[in-house]
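The structure appears right after this line, and notes come after that.
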Amino acid sequence: MPVARPETSDARVIVHVDMDCFYVQVEQRKQPELRGLPSAVVQYNEWQGGGLIAVSYEARKCGVKRSMRGDEAKAACPQIQLVQVPVARGKADLNLYRSAGSEVVSILAKSGKCERASIDEVYLDLTDAAESMLADAPPESLELIDEEVLKSHILGMNREDGDDFKESVRNWICREDADRRDKLLSCGIIIVAELRKQVLKETEFTCSAGIAHNKMLAKLASGMNKPAQQTVVPYAAVQELLSSLPIKKMKQLGGKLGTSLQTDLGVDTVGDLLQFSETKLQEHYGVNTGTWLWNIARGISGEEVQGRLLPKSHGSGKTFPGPRALKSLSTVQHWLNQLSEELSERLGSDLEQNKRIASTLTLHASAFRSKDSDSHKKFPSKSCPMRYGVTKIQEDAFNLFQAALREYMGSFGIKPQGNKLETWRITGLSVSASKIVDIPSGTSSIMRYFQSQPTVPSRSADGCVQGNVAMTASASEGCSEQRSTETQAAMPEVDTGVTYTLPNFENQDKDIDLVSEKDVVSCPSNEATDVSTQSESNKGTQTKRIGRKMNNSKEKNRGMPSIVDIFKNYNATPPSKQETQEDSTVSSASKRAKLSSSSHNSQVNQEVEESRETDWGYKTDEIDQSVFDELPVEIQRELRSFLRTNKQFNTGKSKGDGSTSSIAHYFPPLNR
DNA sequence: ACGGCTCAAACC
DNA sequence: TGGTTTGAG
């Protein structure tokens, strides 16, 4: 739960931008014939017409609702146009929508601190811009006010008799006797109207926006008048707005906590919360949540807009409901391969576009066992250090799965023998990559090293699982004594043509050795290597091998910094700069923010504080030798020189300054 | 054991 | 920490 700021006077200008039925709009842009028609986006139309994930406003008027099935939608609204989500590798592919969302973000991010809250939602902190406008060209000085501004909804606004709506809005915005906070909001209104027009012009997407003094209120407001409108919450309107607002409408209270408030405390509206003392709420829900509740009842929320334009993790998953549940290890492996492919591809794009690498791979699965009481026990998640390259991700994911499966079965008291009819089913699989850090600029060979790991499998190896599933140092730890027969027995193969071979644990050491050598080594020393060519020939690469032999699986990485740890540390710069590429000047507002709020990046900040800001960089000799040894010598050299010089430009994120374009020259795009 | 697929964050 | 849980769109 976000820690609320005790401050009562919050003069920030916070905006929540929400795209209108976003997926539909994306499809309508692609297929303009659909514009204005009742339409919806569905995924997987095999079963009952597929599930709706976005519904146009025309279709909503016909009574079509999200979370209807395609067939129901057709019944409710026969003229409805159903568009399918693209499918790749047998699963829904959301990349189209993701990149459309990025288009929007990159426009909005120019206006102030920007947080990408979801694929189609953004928070903005426009305090600085609003203050500037108020100083330079306050609304009351403007003779012409844009039409879009005049269409704004202002909560609690007194509509004077005789005036039409737009006149009232104009008067409110331009009135000179307004509170300073209202004047800031007025500036926000004008700026946001302009931003929304710009988004429409450059992306063809409409959006709605809420403008208020904090995120909570802005979010509430953005949903009040849709589509393509904006709503403002002046300070004076807060109490009335909240007093009658159903408690479950509040963000974070839509789930169990909200239900508990209703049933345990008899709280139905946010206003009802006002009766309870802070300590009372803390008794029920703990100190943090209690204080948070006490504050939001009063419209107080100190949550900062995070300066973050990019996601902190990437995931690829699929569910296998009911009869489709996976019954064999080989089908699990098949799907993990598909999911890993997608993940790898997205990691490749992230590396290419944002120069970031992920450092942790996590596998999630859900399982059940039919005909048993304890049937739905949690299937454990497992993670391991991230290695780049499709096949490595596939191997690691599969090994993680097997480790988790063993643990899962163990918790039931497994029967190593047969039991073929006691069937386990896998109903969901997902792989995700997290702990993503920036790669510092000026380390081109490091970049190339990661890019040299193919993100998609070469044609020849595509689809089929090749011979032996090699154990890897990263994912096989912790299940080293696993017997293959156990796994085999628990997940008998039944239903696919895909063949696989179980990991050969006997020769584990050899396998690791082979894999790690082949994998670690392949970094071309010449500069003009085409990435695609390189990927194809990856296997046969005649690279000289460098690096430590990892022929002992017990030799763990624990305690030794890895290459990504170095980047992580590099990224943990003193909090003088926001995480976006924005070149924002440090404003009085952000100074204020720093003083009064405890940052969410506490761990990062702590590290920084402990190691002192002036001394945050690694010294070369502080890095474990084995870290270097893992890498091709060329990278070792570059890394060394990077570490030597980075203190001179330790302002944090690699700054643009023209080096960006030369970087782009160094890194040709991957082929898909 | 159908809403599928993502994400973030708190918690322990 | 990693893993779990919750909540959101």
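Proteins get letters first, then strands, A, B, ... in listed order; numbering begins at 1 in each.
In summary, A:Glu27 and A:Lys30 engage in a salt bridge, as defined by a charged side-chain N under 4.0 Å from a carboxylate O. Ion pair A:Glu303/A:Lys215 flagged as a salt bridge, since at least one NZ, NE, NH1 or NH2 atom sits closer than 4.0 Å to an Asp/Glu carboxylate oxygen. The pair A:Glu121-A:Arg116 does not meet the salt-bridge criterion, since no charged nitrogen lies less than 4.0 angstrom from a carboxylate oxygen. A salt bridge does not link A:Lys219 to A:Glu115: none of the charged side-chain nitrogens sits closer than 4.0 Å to a carboxylate oxygen. A:Arg29 and A:Glu103 are joined by a salt bridge, as a carboxylate oxygen and a charged side-chain nitrogen come within less than 4.0 angstrom of each other.
Comparing C:dG3, B:dG4, B:dA1 against the side chain of A:Ser383 picks out C:dG3 as the nearest. The side chain of A:Pro311 lies closest to B:dC7 when the candidates are B:dA9, B:dC7, B:dG3.
Across all strands shown, A:Arg116 has no heavy atoms under 4.0 Å from either base or sugar-phosphate atoms. Residue A:Ser316 is classed as a sugar-phosphate contact, given heavy-atom separations below 4.0 Å to backbone atoms only. Within 4.0 Å (heavy atoms only), A:Tyr44 reaches sugar-phosphate atoms of the nucleic acid but no base atom. Note on A:Glu342: only backbone sugar-phosphate atoms sit closer than 4.0 angstrom, heavy atoms only; bases stay farther off.
Not less than 6.0 angstrom separates the ring centroid of A:Tyr97 from the ring centroid of A:Phe22.
Residue-to-nucleotide proximity on DNA chain B shows that, of A:Ala54 and A:Gly315, the 5′-proximal contact is made by A:Ala54. Nearest-nucleotide positions on DNA chain B place A:Pro323 closer to the 5' end than the other of A:Arg98 and A:Pro323.
A:Gln338 places its CD atom 14 Å from the P atom of B:dC5, with the value rounded to the nearest Å. With rounding to whole Å, A:Ile53 atom CD1 is found 13 Å from B:dC7 atom P. Rounded to whole Å, the distance from CH2 on A:Trp47 to P on B:dA1 is 14 Å. Rounded to whole angstrom, the span from the CD atom of A:Glu72 across to the P atom of B:dG3 amounts to 10 Å. Taking atom NZ of residue A:Lys327 and atom C1' of nucleotide B:dA1, one finds them 14 Å apart after rounding to whole Å. For the pair A:Lys318 NZ and B:dC2 P, the computed distance is 16 Å after rounding to whole Å. Across the protein-nucleic acid pair, A:Asp93 atom CG and B:dG4 atom C1' stand 14 Å apart, rounded to whole Å. Residue A:Arg324 contributes atom CZ, which lies 14 Å from atom P of B:dG3 at whole-angstrom precision.
At B:dT6, one or more side-chain N or O atoms of A:Lys91 fall inside 4.0 Å of OP1 or OP2 (strictly under the cut-off). A close approach under 4.0 Å does occur between a side-chain nitrogen or oxygen of A:Thr319 and OP1 or OP2 of B:dC5. Look at A:Lys312 and you'll find a side-chain N or O under 4.0 angstrom from OP1 or OP2 of B:dA9.
Judged by distance alone, the side chain of A:Arg60 and the main-chain N or O of A:Val55 form a donor-acceptor pair under 3.5 Å. Of the possible donor and acceptor atoms, one in the side chain of A:Asp272 sits under 3.5 Å from a partner among the backbone N and O of A:Thr269.
Between A:Phe379 and A:Trp424, every side-chain heavy-atom pair lies at or beyond the 4.5 Å cut-off. Residues A:Gln230 and A:Asn225 fail the side-chain proximity criterion, which asks for heavy atoms closer than 4.5 Å.
Taking atom C1' in both C:dT1 and B:dA9, the straight-line distance is 16 Å, to the nearest Å. C:dG9 and B:dC2 have their P atoms separated by 22 Å, with the value rounded to a whole Å.
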Which letters describe nucleotides 4-9 of chain C, given B = protein heavy atom under 4.0 Å from base, S = only from sugar-phosphate, - = neither?
SSSSSS
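A:Asn214 meets the side-chain hydrogen bond (donor to acceptor under 3.5 Å, both in side chains) test with no other residue; sequence neighbours excluded.
Looking at DNA chain C, the stems built from 3 or more consecutive Watson-Crick or G-U wobble pairs, each pair with its key distances under 3.5 Å, are B:6-12 with C:2-8.
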